[in-house]
Amino acid sequence: MDYKDTLNLPKTDFPMRANLPKREPELLKHWQQIDLNEQLEKNNQGKESFILHDGPPYANGHLHMGHALNKILKDIIVKSKRMQGFFTPYVPGWDCHGLPIELMVDKKLGKKKREMSKADFRRQCREYAKVWVQTQSEEFQRLGIFGDWENPYLTMTPDYEATTARELARLVERGSLYKGKKPIHWCSSCVTALAEAEVEYDEHVSPSIYVKFPYVDELPAELSELSEKPLNFVIWTTTPWTIPANLGICLNPELTYVAVEAKGEYLVLAEGLYEGVMQTLGIEDYSVAATFAAELFDNKNCRHPFYDRNSLLMLGDHVTLEAGTGCVHTAPGHGQDDYVVGLKYGLEIYNPVDDYGRYRQDLELFGGMKLKDANAAVNAKLSEVGALLHETQVSHSYPHCWRCKKPIIFRATEQWFISMEENNLRQKALQEIEKVEWIPSWGRNRIFNMVEARPDWCISRQRSWGVPITIAYCEKCGEALNDGKIMHHIADQFEATGSDVWFEKEASELLPPGTVCPACGHDKFTKESDILDVWFDSGVSHAAVCELREELQSPADLYLEGSDQHRGWFHSSLLESVGTRDRAPYKSVLTHGFVLDKDGRPMSKSMGNVIAPEEIIKKYGAEILRLWVTATDYRDDIRLSQETLQRLSDAYRRIRNTARYLLGNLNGFDPVVDTVADQDLLEMDRWAMSRLNRLTQKVASAYDKYEFHVIYHAIHNFCTIDLSAFYLDILKDRLYTSPKQSIAYRSARATMYQILDALTRILAPVLSFTAEEIWLDLPGQREASVHLADFPQVNSSYLDDQLEERYEQLHKVRLEVSRQLEKARADKQLGQSLEAKVLLDAPENYQQLLTDYLDALPTYFIVSQVELTKNLSAAVDAENIPGLRLQILPADGEKCERCWNYATSVGQNNEHPTICARCTDALAAG
RNA sequence: GGGCUAGUAGCUCAGCUGGCUAGAGCACACGACUGAUAAUCGUGAGGUCGGAGGUUCAAGUCCUCCCUGGCCCA
C-alpha cells in the first residue's frame, strides 16, 4: 500500500507563480464587477471620518515614480484607516491651469494660435488638460489605488473656478489684495512674470564690470582731507544693462570703508575687499588715504556716470564682503534687495525695460535697444565717459525660465499682490504652523522659515490659461474696482459655465448693472487681463473640495506630498486658508522624499536613469511597486534600482508562497465546525498565536505612525523566520501524519487559519491585489472584498512573554543542533535530519528546560530521537551556549515509510511492517 | 551662499535617552531534501557604522570640522 495516500498533504489551486502583470487587471475587472468602489464609498459611513485631502498633480504627461510613490502612500493610508473603522472618502484631484499646459498647446497650435481668440485658445487648453486627466486617472487606477475616480476634482471645472474667484473676492474684502510695482522675475521670451517656482538657476556667462561713480556732495567734515582729488565710489556688477536704471549705491553700515588713492583720484571700497579689487583692476601703485564708517555717507549723492541725475548713497544689510567692492549698485526696479532699500529711501521703483526685453523708447541713449545688445552698449558708454575701471567675464549661477530655459531678468511691473502684513497674515500663518502636526517634525522648521522670510505673494500672471483676476478698471480714470461684492457677482457667473465668460463677455455684461466708478462716476470699464497664479488655484482646494463636498470636511486630517511642497501646495494652501479663514486647512502634514536612482541621483531623461512605473508594472506588476513604497523609509529620499526591484520580487514570492502553503493546508477547513477552543490549542500553536498577535500589534502601531517599512520587515520576518523556517517546518510532521479528528491536527489547522486570516488583512493596504486573491480563496463566510473588512483585533490574552522566552531558549539549542547536523552532513553521515539521533549534555541553566521539553525536542529539531545524557563518546562544544555539549548519532530503528521518522517500532506490526507504531495508530484512528 | 535633511554589510532596514565580539531578512557561496518543488530547509562568508579630530572608564550613538548626496531658496 502507498502510505502517501494516507497523509494530509497540502492541496490548493492558488498558484505559486503570481504572474502579476496579467492577474492584476483581472482583479481590477473583478472589483468593477462587484461594484467595490460603490461599496467602499459607503463603508463606515456615519462613523468617525478620516479625510486625506489629495494634492492635485499637474495634468500633463504620464505618471512618473514620484506620482506613484505619492499616490500609493496615500492609498495605503486610506485603506488602512478604513480597515481601522474610519469613514474615509478619498477624492483625487488635478491641477489643470497654468503655463506648462499653455506652452504645450501653444506649441501644438503653432501659427494657428494667432487667429484664435483667447476664449478659443483656452478651450484648447481645457481639452488638452482633460486628455491627461483621463490618462493619469487610468494609470493611477492601474496601481490599485481606490478613490472616487468618477468624480475627481479638477481646478478647471466651473464650480471650482467659481470658488477660486470667490476666494479671491474674500481676500479683497479683507483688504489683502493690492496692486503694486515690484521687481519680479520676468521672461522676455515667454512675455510673462514667473513665480519663484518657475525659475531655475543655471550657469551663465555674464560681463563683470567695475564702475566708478563720482561723489558730488560736500565731504563729511571728518574726511575734509580728501577734498584735493576727485572721490569715486566703485561698484561691481554682472548686469551692465541695469546701469541705466541705477538710482543709488548701497553700503553696509557694519563695515569699514577705505578711500584708496590711485592715479590721482580716490576710490571708495570696503576695507575687507580693496586689496583684491586693486589687484583685479591691475593697479599696483596705490595707498589708503582714509578709513571710515559707511554712515558718514548715508544719504549723500554720487552722480550717475552718464545721465544727468544723482545716485543716492544708502545703507543696507544685504551688502557683503563675499564679492564685489562693498559698494552695491542699486536699481530698485531690477532687484529684490534694491527694491527694499529703495523703498526705504523713497526712491522710484524705476524700470526702463518693456515686456519684450527692450529699453523703452524714451530712454536716453539706448531707447528701443534689445537687452541682449545692451551690455556691450552700456559698457562702451561707460568706457567712453571714463567710468569703466575694468571689464571681464564671469560664469555664475543665473536665473533661467523653467519653460524656455532662457535667462530671465528682474524687472518691476504692475502686479497684484497678496500682502503678508495686511491682516497680519504672516504672523497668523506662523501661529497656525505651530498648531499643525508636521511629520517628520522638521517640516515645521522648514515651512516656518519660509513663511517668515517670504515676500508678498504675487498672484498676477500675464497669461491666458487660468482663472482671471476679476477686477475691472475705469476706462476714464483707471481706478481699479477691487470690490469684494462686485467680484462675488462675477464669480457667481463662473458657476454655470466657468471663467471663460470673463473672456467672452464685455465688462459691462459682467459687472452688476449700474456699476459706476467710485472715483470719477464714469460707467465704462475694461477688464484686468492678468490671470491667477496656479498655486492660488490649488491653494483654494480646501474650500472648493473639502468644504463643498458633503462627505468631506475642512480642515482635513492629513495632507501628504513630497517635501518640495513646503514651498508649494502646503504653503499656498496655508496662506490662502489663513488669509480667508484664519486657520490652517490641515491638522497634520506628512511629507515624503524624492525618488532617486541607484546612486542617489535624481532621475532625468538626459541622465538616462529613469525607471518608469509603467516599466515596473509590465515586468513585475503594480504589486511590486506598492511593496517598494512600503519597504522603504520614505521620509528620506528613496532609491530605486533594478536590484531593489529584484529583491522585492523575491520577498513578494516568499510572502505569497507562505500564504499558498497555508491555504494548501487549510484545504476543506470550515471555521464554523473546525475551530478549536483557545485552551485546547497545543502549546506550540499557542506560541504561534502569541507571535501572530505580537505581529498584529506591531503592524497596527506602524500603520498609525505611517511607518510602513516597519510593516514590511515585520511581516516578511514573520513569514520567513517564525513561520517558514520554524513553525511550519516543524508542523509538517504533525499536520501530515495526524488523524484528521485528532486535536493535534485540528489545533494546527485552527491556528493556521487564524494566521492566514490576520495576515491577509494586515497585508491588504499594501498588497491590495494579492490580499484579495488570498481572501477569495480563504475558507469561511466573509466580506465580498478584503478591503471591506477590518484589521484583526489584537487579542492580548494570546500574548505570552514566558512562552516566547522559553521558545527562544529552545531555538538557541536548535541552532546548535542544526550546526552539528550540518557537520555530520558534510561528513556524509546523513542526509535528512530525521536520520539522526541527538545526544545533549546540558549545562545547569538549560537542564530544567530541556528536561521539561524532552519529549518535544525531536519534533522541534526535526530529528528522530533526542537524549539528555552526560554520557557522550565524542561530544562537541556548542558555539554559543557555554557548557552545552552535543553529539550526533544515527537514529535508532528503521525509517518509517509513512512519516519518515526512524523508530524501533518499525516492523513490529504484522499488518503494517514498514511503518512505526505512531503511524499504525494513526491509520487505525483514521 | 542660506534653510531643511541624509550617509550602518551588494539591497532594504534595526540599533531608544552612550555600555556587546554592531544585528535582521534578502542576495551570494556551499550543502540537504524531493510530501510547500520554477518551492522548502540548513550552514557559511560579508561592515575600520561617510572621513578626521574631540569629550568620556566607554561612542554607530554626544560635540566640532570636513567629504558626498537630496529638496527648497538666493
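Lettering follows sequence order; numbering is per chain, from 1. Quick caveat, the model's predicted, so the values are computed rather than measured.
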*Asks:* Any pair with a residue in residues 438-452 of chain A that passes side-chain hydrogen bond (donor to acceptor under 3.5 Å, both in side chains), sequence neighbours left out, goes on the list, sorted by first then second residue, please.
*Replies:* A:E434-A:R444
*Asks:* State which residues pass salt bridge (charged side-chain N to carboxylate O under 4.0 Å, His left out) with A:R814; sequence neighbours excluded, sorted by chain then number.
*Replies:* none
*Asks:* Got a sec, which residues hit salt bridge (charged side-chain N to carboxylate O under 4.0 Å, His left out) with A:R819, two or more places apart in sequence or on another chain?
*Replies:*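 Counting only residues at least two positions away or on another chain, A:R819 forms a salt bridge (charged side-chain N to carboxylate O under 4.0 Å, His left out) with A:E816, A:E879.
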*Asks:* Quick check on RNA chain B: between A:A826 and A:R814, whose nearest nucleotide comes earlier from the 5' end?
*Replies:* A:A826
*Asks:* Kindly write out the residues that satisfy salt bridge (charged side-chain N to carboxylate O under 4.0 Å, His left out) with A:D636, not counting sequence neighbours, or none if the list is empty.
*Replies:*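 A:D636: no salt bridge (charged side-chain N to carboxylate O under 4.0 Å, His left out) contacts found.
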*Asks:* I'd like to check the ring pair (Phe, Tyr, Trp, His ring centres under 6.0 Å) partners of A:Y736; sequence neighbours left out, ordered by chain and number.
*Replies:*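 For A:Y736, no residue satisfies ring pair (Phe, Tyr, Trp, His ring centres under 6.0 Å) once neighbours in sequence are set aside.
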*Asks:* Would you mind writing out the side-chain donor-acceptor pairs for residues 595-606 of chain A within the sub-3.5 Å range, not counting sequence neighbours?
*Replies:*
| residue | atom | partner | partner atom | Å |
| --- | --- | --- | --- | --- |
| A:D597 | OD1 | A:D599 | N | 2.8 |
| A:D597 | OD1 | A:G600 | N | 3.0 |
| A:D597 | OD1 | A:R601 | N | 2.8 |
| A:D597 | OD2 | A:N609 | ND2 | 2.8 |
| A:S604 | OG | A:S606 | OG | 3.4 |
| A:S604 | OG | A:M607 | N | 3.1 |

*Asks:* Kindly say whether A:P10 contributes a backbone atom to a donor-acceptor pair with the side chain of A:Y661 at under 3.5 angstrom?
*Replies:*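 Such a contact is absent between A:Y661 side chain and A:P10 backbone.
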*Asks:* Going by ring pair (Phe, Tyr, Trp, His ring centres under 6.0 Å), name the residues that satisfy it together with A:H592, two or more places apart in sequence or in a different chain.
*Replies:*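 Not a single residue meets the ring pair (Phe, Tyr, Trp, His ring centres under 6.0 Å) criterion with A:H592.
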*Asks:* Restricting to ring pair (Phe, Tyr, Trp, His ring centres under 6.0 Å), what partner residues turn up for A:F417, sequence neighbours left out?
*Replies:* A:Y178
*Asks:* Using ring pair (Phe, Tyr, Trp, His ring centres under 6.0 Å) as the criterion, list what pairs up with A:H67, not counting sequence neighbours.
*Replies:* A:H64
*Asks:* Between the protein and nucleotides 32-34 of chain B, which nitrogen or oxygen pairs are less than 3.5 angstrom apart?
*Replies:*
| residue | atom | partner | partner atom | Å |
| --- | --- | --- | --- | --- |
| B:A32 | O2' | A:G831 | O | 3.1 |

*Asks:* Near RNA chain B, which residues from residues 714-721 of chain A have a heavy atom under 4.0 Å away?
*Replies:*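 Those residues are A:H716, A:N717, A:T720, A:I721.
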*Asks:* Could you encode protein contacts along nucleotides 8-17 of chain B as a string, one character per nucleotide from 5' to 3', using B for base contact, S for sugar-phosphate-only contact and - for no contact, with a heavy-atom cut-off of under 4.0 Å?
*Replies:* --BSBSS---
